[in-house]
Amino acid sequence: MRIATFNINGVKARIDTLLGWLSASRPDVALLQEIKSVDEAFPRGAIEDLGYRVETHGQKGFNGVAILSRLPLTDVLRGLPGGEGDEHARWIEATVTGTRPVRVAGLYLPNGNPAPGPKFDYKLSWMERMRMRAAALLATEDPVVMAGDYNVIPQAEDAARPEAWVTDALYRPESRAAFRRILHLGYTDAFRARVPGPGHYSFWDYQAGAWERNNGIRIDHLLLSPQAADLLADTGIERALRGQEKPSDHVPVWVELDA
DNA sequence: ATGGTGGGCTACCCA
């Protein structure tokens with residue numbers, strides 16, 4: 001079972017890119033972020049025509065997440081638990097069954113800039129809520145994959161120019177510590193577990209020629225529970241998509257599980 | 001140090 005995460009930065013603006021990627025790459029499961037669409041306006045028909053089941057958790061104008069799956073999809077949960085009054089559409093879960101069931105969560109973690117400030121406070125409180133949910137998922141002892149745009153640069157080697165990010169909410173010590181607190185529950189950063197060293201990025205800003213200069217950061221992650229990590233067969237970043245026509249500022253990151 | 005780009009949407013917000 002191959003599971004990919006892709007922040008598409010607007011499903012309507014990116015529909016040709018999305019359909020082209022799904023057709024060429026054929027992930028079994030695709031977790032999308034920043035669909036920037038309400039559920040009723042999501043272009044599900046064209047995606048279903050490619051053989052995918054579609055579950056969305058959208059809102060008007062920004063945020064929004066979705067799960068696309070060629071495999072049976074059950075027990076969908078929309079919204080990160082524990083957020084009284086939080087209307088942001090940033091979390092969706094479902095169980096995907098290949099040769100065995102895998103609990104999959106797609107997430108769009110708050111950006112948090114400017115920091116400090118209320119947006120940074122929201123990011124950190126959202127991460128604490130995520131930690132609680134991550135602990136509850138671990139307790140099931142099922143294979144769990146939590147994948148998406150984490151808006152966290154875990155280590156200096158995950159940025160081409162780490163010195164440019166020191167005051168940014170994506171790299172501040174509080175954000176990285178909160179990310180580590182989730183990892184330390186028992187999750188594995190799938191890409192980093194298999195590919196050591198610098199130079200591996202999933203996001204390049206549209207501005208200032210970031211792509212042409214390879215001024216990237218690695219902020220799209222797939223975290224695996226121990227039961228999922230035991231099934232990990234391969235991982236990769238589809239960086240070539242960033243150089244294609246009308247790209248998202250993110251590219252897909254994927255894992256192959258023996259499941 | 002500043003400004004640079006892009007999506008959603010109609011006055012600016014978000015990244």
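Lettering of chains follows the sequences in order, A, B, ..., and the numbering in each one begins at 1. Computed from a prediction, not measured in an experiment: that's the story for all the values here.
- Note: CD1 (A:Ile153) to P (B:dA15) measures 15 Å, nearest angstrom.
- One finds a salt bridge joining A:Asp189 and A:Arg218 here, because a Lys/Arg side-chain nitrogen approaches an Asp/Glu carboxylate oxygen to under 4.0 Å.
- Listed nucleotides: B:dG8, B:dG6, B:dA15. Nearest to the side chain of A:Tyr206: B:dG6.
- Side-chain atoms of A:Arg133 and A:Glu93, non-hydrogen and from C-beta on, do get closer than 4.5 Å to each other.
- Rounded to the nearest Å, the gap between the P atom of B:dG3 and that of B:dG7 is 22 Å.
- Among the nucleotides B:dG7, B:dA15, B:dG8, the one closest to any side-chain atom of A:Tyr108 is B:dA15.
- Close to B:dG6, at under 4.0 Å from its OP1 or OP2, lies no side-chain N or O of A:Lys36.
- Counting heavy atoms from C-beta outward, A:Leu77 and A:Arg103 have side chains that approach closer than 4.5 Å.
- Of the two residues contacting DNA chain B, namely A:Ala208 and A:Gly10, the nearest-nucleotide position lying further toward the 5' end is that of A:Ala208.
- Proximity note for A:Lys60 (side chain, C-beta onward) versus B:dC9, B:dT5, B:dG7: the nearest is B:dC9.
- To the nearest angstrom, P of B:dG3 lies 19 Å from CG of A:Asn215.
- Remark on DNA chain B: of its neighbouring residues A:Gly61 and A:Asp249, the 5'-side contact belongs to A:Gly61, judged by nearest-heavy-atom nucleotide.
- Across the P atoms, B:dC9 and B:dT5 are found 22 Å apart, a figure rounded to whole Å.
- Using C1' as the reference atom, B:dG4 and B:dA15 are 14 Å apart when rounded to the nearest Å.
- Distances were taken from every side-chain heavy atom of A:Asn111 (C-beta onward) to each of B:dG4, B:dC9, B:dA15; the shortest belongs to B:dA15.
- Donor-acceptor pairing under 3.5 Å is lacking for the side chains of A:Glu256 and A:Trp254.
- Residues A:Asn9 and A:His250 are not in side-chain contact: their nearest non-hydrogen atoms beyond the backbone lie 4.5 Å or more apart.
- For the pair A:Leu18 CG and B:dG7 C1', the computed distance is 15 Å after rounding to whole Å.
- Residue A:Arg14 contributes atom CZ, which lies 7 Å from atom P of B:dG8 at whole-angstrom precision.
- Residue contacts for A:Arg90: at a heavy-atom cut-off of 4.0 Å it reaches the sugar-phosphate backbone alone, with no base atom in range.
- B:dT10 and B:dC14 are spaced 16 Å apart, taking the C1' atom of each and rounding to whole Å.
- Contacts of A:Phe203 with the nucleic acid, taken as non-hydrogen atoms under 4.0 Å apart, are absent.
- One atom, CG of A:Asn113, and another, P of B:dC14, lie 12 Å apart when rounded to the nearest Å.
- A straight line from NZ of A:Lys119 to C1' of B:dC14 spans 6 Å, rounded to a whole angstrom.
- Between the P atom of B:dC13 and the NE2 atom of A:His88 lies a distance of 14 Å, rounded to the nearest Å.
- The CG-C1' distance, from A:Asp205 to B:dC14, rounds to 13 Å in whole Å.
- Side-chain contact between A:Glu55 and A:Ser69: absent, with no pair of heavy atoms (C-beta onward) separated by less than 4.5 Å.
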